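Structure, as structure tokens:
None of these values were measured; they are calculated from a predicted model.
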Amino acid sequence: FIYVVLMDDYGINVSGSGIGHDIEAVLDNDNKNSFILNDFYEATLDNYKKGVVRYPLSNLKPGKHTLKVTAWDLANNPGEDYIEFVVLDRGLVLQNAWNYPNPFYNSTRFQFEHNRPGIPMDIEVRIYTIEGKLVKTIEKDGFISDGYRVDDLPWDGRSDGGGELDKGIYVYKIKASFNVNGAKEVSESKAGKLVILR
């Protein structure tokens with residue numbers, strides 16, 4: 001739903017009588033296919049200065065979207081607001097995994113992007129030799145990301161036993177899991193390569 005709360009001392013214009021003076025919503029900067037919201041405005045009981053709009057949306061593609069809403073008061077003054085939002089698909093997506101710096105001498109930091117901000121996740125980074133032997137596991141449980149990127153996964157280039165790994169090429173994978181309404185969602189990155197310099 002598009003949900004808009006409108007307030008103005010002069011009252012809200014929903015007559016549609018003036019050209020371009022409608023309550024209008026523009027999705028993803030597509031001005032040619034804007035939504036006229038006049039018929040979806042409901043004034044607050046006994047208060048002509050305030051009301052809400054509820055407009056149903058459907059078939060939005062997963063990803064980032066923008067919405068701009070413009071409304072007019074009865075004195076022909078416009079007001080507008082803008083919001084960005086993300087439509088989630090049905091599953092967890094973990095993408096764009098990388099580490100920086102790469103190559104590195106003493107430390108690097110793993111990062112990735114995902115589509116579940118604000119939901120506690122368990123993260124696991126597994127690092128292997130080029131032959132496929134697991135040498136390091138980094139775990140972070142209950143991590144809450146306030147955005148769509150995680151970049152707080154440092155590594156000092158040491159094995160699970162604490163010893164410095166030899167210089168060379170290593171392979172890593174990042175896995176994230178979420179518990180949503182009792183169901184576990186898991187997503188794993190593609191294998192990435194990192195280089196240790198000593």
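There is a path of hydrophobic side-chain contacts, each under 4.5 Å, that joins Phe85 to Leu37. Transitive grouping of hydrophobic side chains (ILVMFWY, heavy atoms separated by less than 4.5 Å) brings Ile119 and Ile174 into a common cluster. Residues Val26 and Leu67 do not share a hydrophobic cluster, clusters being chains of Ile/Leu/Val/Met/Phe/Trp/Tyr side chains in contact below 4.5 Å. In the hydrophobic clustering of this structure, Val150 groups with Ile138; members are Ile, Leu, Val, Met, Phe, Trp, Tyr whose side-chain heavy atoms approach within less than 4.5 Å, directly or through other members. Under the 4.5 Å side-chain contact rule for hydrophobic residues, Tyr100 and Ile127 share a cluster.
Taking a 6.0 Å sphere around CG of Leu134, one finds it holds more than 12 heavy atoms contributed by other residues, nucleotides or ligands. Summarising the local packing, NZ of Lys167 is surrounded by 12 or fewer heavy atoms from other residues, nucleotides or ligands at distances under 6.0 Å. In the displayed structure, Lys68 atom NZ is contacted under 6.0 Å by at most 12 heavy atoms of other residues, nucleotides or ligands. Dense packing is recorded around CG of Asp30, with more than 12 heavy atoms of other residues, nucleotides or ligands lying under 6.0 Å away.
No side-chain donor-acceptor contact under 3.5 Å links Ser187 and His114.
Within the 4.5 Å cutoff, the side chain of Ile36 has no heavy atoms near those of the Ile23 side chain. A heavy-atom distance below 4.5 Å is not found between the side chains of Ile169 and Leu194. Taking the side chain as every heavy atom from C-beta outward, Tyr3 and Val52 approach each other to under 4.5 Å. Using a 4.5 Å cut-off on side-chain heavy atoms (C-beta onward), Phe40 and Arg54 make no contact. The shortest distance between side-chain heavy atoms of Met121 and Ile123 falls below 4.5 Å.
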Passes side chain to side chain contact (heavy atoms under 4.5 Å, CB included), Arg198 versus Glu164? Steps please.
CA-CA 10 Å; Arg198 296 288 186 204; Glu164 278 191 354; 3.9 Å; yes

Test Tyr55 against Phe35 for ring-ring contact (aromatic ring centres under 6.0 Å, His included), laying out the working first.
CA-CA 9 Å; Tyr55 181 85; Phe35 307 100; 5.1 Å; yes

Walk me through whether Asn99 and Thr108 qualify under side-chain hydrogen bond (donor to acceptor under 3.5 Å, both in side chains).
CA-CA 6 Å; Asn99 70 296; Thr108 190; 3.0 Å; yes

Go through the steps to decide whether Val186 and Lys175 satisfy the test side chain to side chain contact (heavy atoms under 4.5 Å, CB included), and finish with yes or no.
CA-CA 7 Å; Val186 179; Lys175 181 171 75 172; 3.7 Å; yes

Determine, step by step, whether Tyr170 and Leu165 satisfy the side chain to side chain contact (heavy atoms under 4.5 Å, CB included) criterion, reporting the C-alpha distance in whole Å, the side-chain angles of both residues, the deciding distance to 0.1 Å, and the verdict.
CA-CA 10 Å; Tyr170 293 82; Leu165 292 175; 3.6 Å; yes

Check the pair Asn76, His21 against side chain to side chain contact (heavy atoms under 4.5 Å, CB included), reporting the backbone distance first and the verdict last.
CA-CA 8 Å; Asn76 287 324; His21 284 58; 3.1 Å; yes

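Of the possible donor and acceptor atoms, one in the side chain of Asp122 sits under 3.5 Å from a partner among the backbone N and O of Gly142. Put simply, the side chain of Asp73 never gets that close to the backbone of Met7: no donor and acceptor are under 3.5 Å apart. Checked by atom type and distance alone, the side chain of Asn13 never pairs as donor or acceptor with a backbone atom of Ala71 at under 3.5 Å. Remark: side-chain polar atoms of Asp160 are paired, donor with acceptor, to backbone N or O of Thr137 under 3.5 angstrom. For Ser189 (side chain) and Lys173 (main-chain N/O), no donor-acceptor pair under 3.5 Å exists by modelled atom type.
If you take NZ on Lys136 and OG on Ser159, they are separated by 7.0 Å, rounding to the nearest 0.5 Å. Note that CD1 of Ile2 and CG of Leu57 are 4.0 Å apart. Values are rounded to the nearest 0.5 Å. Rounding to the nearest 0.5 Å places CH2 of Trp72 at 15.0 Å from OH of Tyr10. Atoms OG and CZ, from Ser107 and Arg158 in turn, are 11.5 Å apart once rounded to the nearest 0.5 Å. Going from atom CD of Glu185 over to atom CZ of Phe178 covers 8.0 Å, rounded to the nearest 0.5 Å.
For Tyr172 and Phe110, the gap between ring centers is short of 6.0 Å.
Taking the ring pair (Phe, Tyr, Trp, His ring centres under 6.0 Å) definition, one finds that Trp155 meets it with Phe104, sequence neighbours left out.
Shown here for Asp28 and Lys64, the closest heavy-atom pair between the two residues is OD1-O, 4.5 Å. Heavy-atom minimum distance, Asn38 versus Asp22: ND2-OD1, 2.6 Å. Taking all atoms of both residues into account, the shortest heavy-atom contact from Leu27 to Thr66 is CD1-O, 3.3 Å. When all heavy atoms are compared, the tightest approach of Leu153 to Val125 is CD1-CG2, 4.1 Å. The shortest non-hydrogen separation linking Gly157 to Ile196 is O-CD1, 4.4 Å. For the residue pair Ile144 and Pro120, the shortest heavy atom distance occurs at CG1-CA, 3.8 Å.
Salt bridge status for Arg126 with Glu139: absent, with no side-chain N to carboxylate O gap under 4.0 Å. Look at Arg109 and Asp152 and you find a salt bridge, because one of the NZ, NE, NH1 or NH2 atoms lies within 4.0 Å of a carboxylate O, short of that distance. Ion pairing between Asp8 and Lys50 fails under the 4.0 Å rule for side-chain N and carboxylate O.
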